[in-house]
Amino acid sequence: MKIWKRWMTLALALVLTLSLAACGKKGVGEQVEEIPPADPVDVRLAALKGPTGMGIANLTDESGKGVSGTNTYTVTLAGAADEVTPLLIKGELDMACVPANLASVLYNKTEGELVTLAINTLGVIYIVENGNSVENLSDLKGRTIVAAGKGSTPEYALRYLLRENGMDPDLDLIIDWKSEHSECVAALASGAATVAMLPQPFVTVATTKIDTLRIAFGLTEEWEKLNNGSAMLTGVVVARKAFVEEHPEAVKAFLTDYAAAVEWVNSNAEEAAAKIGEMEIVDAAVAEKALPYCNIVCISGEEMQEKLSGYLQVLFDAEPASVGGKLPASDFYFVG
(Lines give C-alpha, C1' and ligand atoms only; values in the text may rest on other atoms or scores of the structure.)
Protein backbone atom coordinates (compact mmCIF):
# COMPACT_ATOMS: atom_id res chain seq x y z
CA MET A 1 0.00 0.00 0.00
CA LYS A 2 2.86 2.38 0.85
CA ILE A 3 4.63 1.47 -2.41
CA TRP A 4 1.44 2.26 -4.36
CA LYS A 5 1.19 5.69 -2.73
CA ARG A 6 4.81 6.45 -3.58
CA TRP A 7 4.21 5.56 -7.25
CA MET A 8 1.14 7.77 -7.36
CA THR A 9 3.09 10.69 -5.89
CA LEU A 10 5.91 10.28 -8.42
CA ALA A 11 3.45 10.06 -11.29
CA LEU A 12 1.65 13.23 -10.30
CA ALA A 13 4.94 15.09 -9.91
CA LEU A 14 6.03 13.98 -13.39
CA VAL A 15 2.75 15.14 -14.97
CA LEU A 16 3.00 18.53 -13.25
CA THR A 17 6.61 18.99 -14.41
CA LEU A 18 5.74 18.19 -18.01
CA SER A 19 2.73 20.52 -17.90
CA LEU A 20 4.84 23.42 -16.64
CA ALA A 21 7.46 22.79 -19.29
CA ALA A 22 4.81 22.79 -22.00
CA CYS A 23 3.42 26.10 -20.73
CA GLY A 24 6.85 27.70 -20.93
CA LYS A 25 7.51 26.78 -24.59
CA LYS A 26 6.16 27.89 -27.92
CA GLY A 27 6.12 25.84 -31.09
CA VAL A 28 8.72 26.42 -33.84
CA GLY A 29 8.00 29.68 -35.64
CA GLU A 30 5.27 30.62 -33.14
CA GLN A 31 5.30 34.32 -32.12
CA VAL A 32 5.06 35.41 -28.49
CA GLU A 33 2.19 37.88 -28.24
CA GLU A 34 3.32 41.28 -26.97
CA ILE A 35 0.92 43.78 -25.43
CA PRO A 36 1.62 47.21 -26.93
CA PRO A 37 2.10 50.08 -24.46
CA ALA A 38 -0.79 52.47 -24.06
CA ASP A 39 -0.67 55.50 -26.32
CA PRO A 40 0.48 58.63 -24.47
CA VAL A 41 -2.33 61.04 -23.70
CA ASP A 42 -1.92 64.80 -23.70
CA VAL A 43 -4.20 66.09 -20.96
CA ARG A 44 -5.53 69.61 -21.43
CA LEU A 45 -5.61 70.96 -17.88
CA ALA A 46 -6.69 74.37 -16.60
CA ALA A 47 -5.98 75.88 -13.19
CA LEU A 48 -6.82 79.15 -11.49
CA LYS A 49 -4.23 81.58 -10.21
CA GLY A 50 -4.15 81.37 -6.43
CA PRO A 51 -3.91 78.52 -3.90
CA THR A 52 -5.95 76.03 -5.97
CA GLY A 53 -3.42 76.31 -8.80
CA MET A 54 -0.26 75.92 -6.72
CA GLY A 55 -0.33 72.12 -6.78
CA ILE A 56 0.38 71.95 -10.53
CA ALA A 57 3.73 73.78 -10.28
CA ASN A 58 5.78 70.58 -10.62
CA LEU A 59 3.26 68.43 -12.47
CA THR A 60 5.59 67.78 -15.41
CA ASP A 61 9.29 67.29 -16.07
CA GLU A 62 11.20 69.01 -18.87
CA SER A 63 9.65 66.69 -21.45
CA GLY A 64 6.18 67.69 -20.33
CA LYS A 65 5.45 64.30 -18.74
CA GLY A 66 4.34 63.49 -15.23
CA VAL A 67 6.13 60.98 -12.97
CA SER A 68 3.95 58.13 -14.26
CA GLY A 69 5.47 58.62 -17.70
CA THR A 70 2.05 58.08 -19.25
CA ASN A 71 0.60 61.55 -19.71
CA THR A 72 1.82 64.86 -21.01
CA TYR A 73 0.06 68.03 -19.90
CA THR A 74 -0.92 71.20 -21.65
CA VAL A 75 -1.65 73.67 -18.85
CA THR A 76 -3.82 76.77 -19.12
CA LEU A 77 -3.86 79.31 -16.29
CA ALA A 78 -6.80 81.63 -15.74
CA GLY A 79 -7.55 84.51 -13.43
CA ALA A 80 -11.18 83.55 -12.82
CA ALA A 81 -13.36 80.46 -12.98
CA ASP A 82 -15.66 81.94 -15.63
CA GLU A 83 -12.71 81.86 -18.04
CA VAL A 84 -12.40 78.10 -17.57
CA THR A 85 -15.96 76.80 -17.39
CA PRO A 86 -16.99 77.52 -21.02
CA LEU A 87 -13.88 75.72 -22.31
CA LEU A 88 -14.59 72.73 -20.10
CA ILE A 89 -18.24 72.52 -21.14
CA LYS A 90 -17.37 72.83 -24.85
CA GLY A 91 -14.81 70.04 -24.60
CA GLU A 92 -11.79 72.28 -25.19
CA LEU A 93 -10.37 71.20 -21.82
CA ASP A 94 -10.15 67.72 -20.31
CA MET A 95 -9.62 68.65 -16.66
CA ALA A 96 -9.68 71.75 -14.50
CA CYS A 97 -8.90 72.85 -10.95
CA VAL A 98 -12.00 74.74 -9.81
CA PRO A 99 -13.76 75.82 -6.58
CA ALA A 100 -15.44 72.87 -4.87
CA ASN A 101 -18.97 74.25 -5.05
CA LEU A 102 -18.52 75.23 -8.72
CA ALA A 103 -17.83 71.59 -9.52
CA SER A 104 -21.29 70.71 -8.22
CA VAL A 105 -22.85 73.63 -10.10
CA LEU A 106 -21.26 72.49 -13.36
CA TYR A 107 -22.29 68.88 -12.76
CA ASN A 108 -25.91 69.98 -12.46
CA LYS A 109 -25.64 72.41 -15.37
CA THR A 110 -24.25 69.72 -17.70
CA GLU A 111 -26.65 67.06 -16.39
CA GLY A 112 -23.90 64.83 -15.03
CA GLU A 113 -21.22 65.30 -17.68
CA LEU A 114 -18.58 66.21 -15.11
CA VAL A 115 -16.66 64.02 -12.67
CA THR A 116 -14.64 65.04 -9.60
CA LEU A 117 -11.25 63.31 -9.44
CA ALA A 118 -9.69 64.75 -6.29
CA ILE A 119 -9.73 67.43 -3.64
CA ASN A 120 -6.75 69.67 -4.30
CA THR A 121 -7.11 72.36 -1.61
CA LEU A 122 -8.65 72.27 1.85
CA GLY A 123 -9.82 75.49 3.51
CA VAL A 124 -7.63 78.58 3.17
CA ILE A 125 -9.70 80.93 5.36
CA TYR A 126 -8.27 82.27 8.62
CA ILE A 127 -9.29 84.53 11.46
CA VAL A 128 -6.58 87.13 12.00
CA GLU A 129 -6.24 89.56 14.88
CA ASN A 130 -4.33 92.71 15.59
CA GLY A 131 -3.97 91.70 19.23
CA ASN A 132 -3.81 88.58 21.39
CA SER A 133 -7.32 87.97 22.71
CA VAL A 134 -8.66 85.52 20.08
CA GLU A 135 -7.57 81.87 20.03
CA ASN A 136 -10.68 79.98 18.88
CA LEU A 137 -14.25 80.42 17.67
CA SER A 138 -15.72 80.95 21.13
CA ASP A 139 -13.48 84.01 21.57
CA LEU A 140 -15.42 85.73 18.77
CA LYS A 141 -18.47 86.05 21.00
CA GLY A 142 -19.31 89.69 21.54
CA ARG A 143 -16.71 90.82 19.02
CA THR A 144 -16.94 92.58 15.65
CA ILE A 145 -15.10 91.04 12.74
CA VAL A 146 -14.68 92.34 9.19
CA ALA A 147 -15.05 89.90 6.32
CA ALA A 148 -15.75 89.65 2.60
CA GLY A 149 -17.80 87.03 0.79
CA LYS A 150 -21.32 87.64 2.04
CA GLY A 151 -23.82 85.39 0.29
CA SER A 152 -21.11 82.92 -0.75
CA THR A 153 -19.15 79.97 0.61
CA PRO A 154 -17.06 81.93 3.20
CA GLU A 155 -20.24 83.16 4.90
CA TYR A 156 -21.90 79.73 4.81
CA ALA A 157 -18.80 78.07 6.27
CA LEU A 158 -18.42 80.64 9.07
CA ARG A 159 -22.09 80.48 10.01
CA TYR A 160 -22.00 76.67 10.05
CA LEU A 161 -18.97 76.58 12.34
CA LEU A 162 -20.42 79.17 14.71
CA ARG A 163 -23.67 77.25 15.02
CA GLU A 164 -21.83 73.95 15.54
CA ASN A 165 -19.99 75.64 18.40
CA GLY A 166 -23.19 76.82 20.06
CA MET A 167 -23.19 80.40 18.81
CA ASP A 168 -25.82 82.40 16.96
CA PRO A 169 -24.13 84.16 13.99
CA ASP A 170 -26.73 86.96 14.10
CA LEU A 171 -26.80 87.58 17.84
CA ASP A 172 -23.50 86.56 19.42
CA LEU A 173 -21.17 88.66 17.26
CA ILE A 174 -21.20 91.34 14.58
CA ILE A 175 -19.94 90.48 11.11
CA ASP A 176 -19.12 93.67 9.21
CA TRP A 177 -19.29 92.58 5.59
CA LYS A 178 -17.02 94.31 3.08
CA SER A 179 -17.16 94.00 -0.69
CA GLU A 180 -13.47 93.10 -1.10
CA HIS A 181 -10.77 91.43 0.98
CA SER A 182 -8.58 94.48 0.41
CA GLU A 183 -11.14 96.55 2.35
CA CYS A 184 -10.74 94.21 5.31
CA VAL A 185 -6.96 94.66 5.19
CA ALA A 186 -7.38 98.44 5.00
CA ALA A 187 -9.69 98.37 8.05
CA LEU A 188 -7.10 96.39 10.00
CA ALA A 189 -4.29 98.72 8.92
CA SER A 190 -6.21 101.85 9.95
CA GLY A 191 -7.27 100.43 13.29
CA ALA A 192 -10.96 100.54 12.33
CA ALA A 193 -11.02 96.76 12.92
CA THR A 194 -8.92 94.40 15.02
CA VAL A 195 -10.32 91.03 13.88
CA ALA A 196 -10.93 89.86 10.31
CA MET A 197 -11.73 86.77 8.31
CA LEU A 198 -9.34 86.49 5.34
CA PRO A 199 -8.24 83.84 2.85
CA GLN A 200 -4.70 83.07 1.76
CA PRO A 201 -2.77 84.69 0.19
CA PHE A 202 -4.46 87.87 1.52
CA VAL A 203 -3.48 86.76 5.02
CA THR A 204 0.19 86.73 4.05
CA VAL A 205 -0.05 90.10 2.33
CA ALA A 206 -1.81 91.60 5.36
CA THR A 207 0.77 90.28 7.85
CA THR A 208 3.59 91.80 5.80
CA LYS A 209 1.86 95.20 5.91
CA ILE A 210 0.81 95.09 9.57
CA ASP A 211 3.60 93.91 11.87
CA THR A 212 1.31 93.24 14.82
CA LEU A 213 -1.21 91.17 12.86
CA ARG A 214 -1.24 87.44 13.58
CA ILE A 215 -3.17 84.35 12.56
CA ALA A 216 -5.52 83.47 15.43
CA PHE A 217 -6.84 80.20 13.96
CA GLY A 218 -7.91 78.59 10.72
CA LEU A 219 -11.45 77.55 9.85
CA THR A 220 -10.13 74.28 8.43
CA GLU A 221 -8.82 73.20 11.83
CA GLU A 222 -12.06 74.24 13.51
CA TRP A 223 -13.99 72.12 10.98
CA GLU A 224 -11.72 69.14 11.65
CA LYS A 225 -12.55 69.36 15.35
CA LEU A 226 -16.15 68.47 14.50
CA ASN A 227 -14.89 65.03 13.45
CA ASN A 228 -17.93 64.32 11.26
CA GLY A 229 -16.16 62.94 8.19
CA SER A 230 -16.58 66.09 6.10
CA ALA A 231 -14.02 68.85 5.63
CA MET A 232 -13.81 72.50 4.75
CA LEU A 233 -12.72 72.66 1.12
CA THR A 234 -11.61 75.25 -1.39
CA GLY A 235 -10.80 73.46 -4.63
CA VAL A 236 -11.13 70.19 -6.53
CA VAL A 237 -9.94 68.72 -9.82
CA VAL A 238 -12.73 67.84 -12.23
CA ALA A 239 -12.76 66.12 -15.60
CA ARG A 240 -15.22 65.70 -18.42
CA LYS A 241 -17.06 62.40 -18.03
CA ALA A 242 -16.43 61.57 -21.69
CA PHE A 243 -12.68 61.94 -21.17
CA VAL A 244 -12.74 59.70 -18.10
CA GLU A 245 -14.63 57.00 -19.97
CA GLU A 246 -12.36 57.21 -23.02
CA HIS A 247 -9.06 57.37 -21.10
CA PRO A 248 -9.44 55.57 -17.74
CA GLU A 249 -5.73 54.72 -17.50
CA ALA A 250 -4.75 58.32 -18.23
CA VAL A 251 -7.01 59.44 -15.38
CA LYS A 252 -5.33 57.03 -12.96
CA ALA A 253 -1.94 58.22 -14.18
CA PHE A 254 -2.99 61.81 -13.60
CA LEU A 255 -3.86 61.07 -9.98
CA THR A 256 -0.40 59.53 -9.53
CA ASP A 257 1.24 62.54 -11.19
CA TYR A 258 -0.80 65.07 -9.24
CA ALA A 259 -0.14 63.39 -5.88
CA ALA A 260 3.60 63.50 -6.61
CA ALA A 261 3.39 67.16 -7.65
CA VAL A 262 1.54 68.10 -4.45
CA GLU A 263 4.08 66.22 -2.34
CA TRP A 264 6.92 68.12 -4.03
CA VAL A 265 5.27 71.52 -3.56
CA ASN A 266 4.62 70.87 0.12
CA SER A 267 8.17 69.57 0.72
CA ASN A 268 10.11 72.18 -1.25
CA ALA A 269 8.63 75.55 -0.34
CA GLU A 270 11.46 77.73 -1.67
CA GLU A 271 11.79 75.94 -5.03
CA ALA A 272 8.03 75.59 -5.35
CA ALA A 273 7.47 79.27 -4.65
CA ALA A 274 9.98 80.21 -7.34
CA LYS A 275 8.18 78.00 -9.85
CA ILE A 276 4.76 79.27 -8.76
CA GLY A 277 5.98 82.83 -9.23
CA GLU A 278 7.51 82.01 -12.62
CA MET A 279 4.15 80.60 -13.76
CA GLU A 280 2.43 83.73 -12.37
CA ILE A 281 0.11 81.66 -10.18
CA VAL A 282 1.03 83.73 -7.11
CA ASP A 283 3.92 86.13 -6.53
CA ALA A 284 6.96 84.06 -5.47
CA ALA A 285 7.69 85.97 -2.25
CA VAL A 286 4.06 85.71 -1.16
CA ALA A 287 3.82 82.06 -2.20
CA GLU A 288 6.81 81.01 -0.08
CA LYS A 289 5.27 82.51 3.07
CA ALA A 290 1.73 81.38 2.26
CA LEU A 291 2.43 77.77 1.20
CA PRO A 292 2.39 76.27 4.73
CA TYR A 293 -1.11 77.72 5.21
CA CYS A 294 -2.64 76.89 1.82
CA ASN A 295 -3.54 73.26 2.67
CA ILE A 296 -2.63 71.90 -0.76
CA VAL A 297 -3.56 68.22 -0.94
CA CYS A 298 -4.44 65.39 -3.28
CA ILE A 299 -7.31 63.45 -1.71
CA SER A 300 -9.04 60.97 -3.98
CA GLY A 301 -11.28 57.90 -3.86
CA GLU A 302 -13.76 57.25 -1.09
CA GLU A 303 -12.13 59.74 1.28
CA MET A 304 -12.64 62.46 -1.32
CA GLN A 305 -16.28 61.48 -1.69
CA GLU A 306 -16.91 61.53 2.06
CA LYS A 307 -15.26 64.89 2.67
CA LEU A 308 -16.65 66.60 -0.43
CA SER A 309 -20.21 65.31 -0.09
CA GLY A 310 -20.30 66.47 3.54
CA TYR A 311 -19.05 69.93 2.59
CA LEU A 312 -21.56 70.26 -0.24
CA GLN A 313 -24.34 69.23 2.15
CA VAL A 314 -23.43 72.17 4.43
CA LEU A 315 -23.55 74.56 1.48
CA PHE A 316 -26.81 73.10 0.21
CA ASP A 317 -28.43 73.51 3.64
CA ALA A 318 -27.32 77.15 3.68
CA GLU A 319 -28.23 77.97 0.06
CA PRO A 320 -29.17 75.30 -2.53
CA ALA A 321 -28.14 77.59 -5.38
CA SER A 322 -24.54 77.52 -4.14
CA VAL A 323 -24.23 73.92 -5.35
CA GLY A 324 -26.42 74.23 -8.42
CA GLY A 325 -29.84 73.67 -6.86
CA LYS A 326 -29.39 70.06 -5.80
CA LEU A 327 -26.72 67.75 -4.47
CA PRO A 328 -24.86 65.72 -7.11
CA ALA A 329 -25.46 61.98 -7.50
CA SER A 330 -22.85 59.33 -6.76
CA ASP A 331 -21.47 59.38 -10.32
CA PHE A 332 -20.13 62.86 -9.57
CA TYR A 333 -17.35 61.23 -7.54
CA PHE A 334 -14.58 59.25 -9.28
CA VAL A 335 -13.66 56.49 -6.86
CA GLY A 336 -12.56 53.77 -9.28
Side-chain angles (χ1 to χ4, degrees), residues 47-55 57 79-80 97 99-100 119-137 139-140 143-150 152-162 173 175-225 231-235 262 265-266 269-270 272-274 276-277 280-297:
L48 301 181
K49 295 181 179 182
T52 59
M54 289 182 176
C97 303
I119 296 166
N120 73 349
T121 321
L122 297 175
V124 296
I125 299 177
Y126 292 83
I127 299 297
V128 297
E129 183 193 15
N130 197 351
N132 293 288
S133 60
V134 175
E135 298 291 341
N136 51 52
L137 276 168
D139 291 332
L140 296 180
R143 303 294 294 268
T144 297
I145 69 171
V146 291
K150 183 173 177 58
S152 62
T153 54
E155 179 185 10
Y156 306 148
L158 177 61
R159 284 179 167 273
Y160 169 71
L161 287 171
L162 290 169
L173 74 162
I175 306 173
D176 181 7
W177 293 103
K178 306 295 186 183
S179 58
E180 300 287 343
H181 298 301
S182 57
E183 290 183 49
C184 299
V185 177
L188 290 168
S190 68
T194 57
V195 183
M197 181 173 75
L198 289 172
Q200 287 289 1
F202 277 94
V203 172
T204 297
V205 173
T207 54
T208 58
K209 290 182 176 180
I210 308 168
D211 293 339
T212 53
L213 193 69
R214 69 179 185 88
I215 294 175
F217 60 88
L219 298 195
T220 301
E221 290 70 31
E222 292 298 317
W223 199 300
E224 287 174 354
K225 290 176 185 178
M232 184 172 180
L233 309 179
T234 299
V262 166
V265 166
N266 285 328
E270 186 176 351
I276 288 167
E280 298 183 352
I281 298 172
V282 173
D283 177 77
V286 173
E288 186 172 355
K289 292 180 180 179
L291 267 171
Y293 305 100
C294 286
N295 291 320
I296 298 167
V297 296

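Under the 4.5 Å side-chain criterion, counting only non-hydrogen atoms from C-beta, Pro292 is not in contact with Asn266. Put simply, the side chain of Leu188 does not reach to within 4.5 Å of the side chain of Lys209, judged on heavy atoms. Using a 4.5 Å cut-off on side-chain heavy atoms (C-beta onward), Asn295 and Gln200 make no contact. The side-chain heavy atoms of Glu129 and Glu135, taken from C-beta on, include no pair separated by under 4.5 Å. Side-chain contact between Met54 and Leu291 is present, with at least one heavy-atom pair separated by less than 4.5 Å. Between Leu158 and Ile175 there is a side-chain heavy-atom pair separated by less than 4.5 Å. Using a 4.5 Å heavy-atom cutoff, the side chains of Leu140 and Val134 are in contact.
Of all non-hydrogen atoms in Pro154 and Gly149, the two that sit nearest each other are CD-O, 4.1 Å. In terms of heavy-atom proximity, Ile276 sits nearest to Ala57 at CG1-CB, 3.8 Å. Between Val146 and Ala187, the closest heavy-atom pair is CG1-CB, 4.5 Å. Summarising the geometry of Ala148 relative to Cys184, their closest heavy-atom pair is N-SG, 3.8 Å, with the distance given to 0.1 Å. The two atoms that bring Val124 and Cys294 nearest to each other are CG1-O, 3.3 Å, heavy atoms only. Closest non-hydrogen pair, Ala206 versus Leu198, comes out as CB-CD1, 4.1 Å.
With rounding to the nearest 0.5 angstrom, the NZ atom of Lys289 is 7.0 Å from the OG1 atom of Thr207. Residue Tyr293 holds its OH atom at 5.0 Å from CD1 of Ile215, rounded to the nearest 0.5 Å. Rounded to the nearest 0.5 angstrom, Thr121 OG1 and Met232 CE are separated by 12.0 Å. One finds the CG atom of Leu219 at 9.0 Å from the OH atom of Tyr126 (value rounded to the nearest 0.5 Å). We find the CD1-CD distance between Ile127 and Glu222 to be 9.0 Å, quoted to the nearest 0.5 Å. Leu162 contributes atom CG, which lies 5.5 Å from atom CG of Leu173 (distance to the nearest 0.5 angstrom).
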If you apply the rule side chain to side chain contact (heavy atoms under 4.5 Å, CB included), what do you find for Lys49 with Val282, and how did you get there?
CA-CA 6 Å; Lys49 295 181 179 182; Val282 173; over 6 Å; no

Before giving the answer on side chain to side chain contact (heavy atoms under 4.5 Å, CB included), spell out for Trp177 and Glu183 the whole-Å C-alpha distance, their side-chain angles and the decisive distance to 0.1 Å.
CA-CA 10 Å; Trp177 293 103; Glu183 290 183 49; over 6 Å; no

Please walk me through it: do Val185 and Val205 pass side chain to side chain contact (heavy atoms under 4.5 Å, CB included)?
CA-CA 9 Å; Val185 177; Val205 173; 5.8 Å; no

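More than 12 heavy atoms of other residues, nucleotides or ligands shown are found within 6.0 angstrom of CZ on Phe217.
Remark: the Thr220 side chain and the Glu224 side chain contain no N/O donor-acceptor pair separated by less than 3.5 Å. Side chains of Asp176 and Thr144: no donor on one and acceptor on the other come within 3.5 Å.
Between the side chain of Thr234 and the backbone N or O of Leu122, at least one donor-acceptor pair lies under 3.5 Å. Side chain of Asn120 to main chain of Thr52: a donor-acceptor pair is present (N/O by atom type, distance under 3.5 Å, no hydrogens or angles). Between the side chain of Arg214 and the backbone N or O of Gly131, at least one donor-acceptor pair lies under 3.5 Å.
Tyr160 and Trp223 have tilted rings, their planes meeting at an angle from 30° to 60° on a 0 to 90° scale.
One finds no salt bridge joining Glu221 and Lys225 here, because no Lys/Arg side-chain nitrogen approaches an Asp/Glu carboxylate oxygen to under 4.0 Å. Checked for salt-bridge contact, Lys150 and Glu180 miss the test: no charged N lies under 4.0 Å from a carboxylate O.
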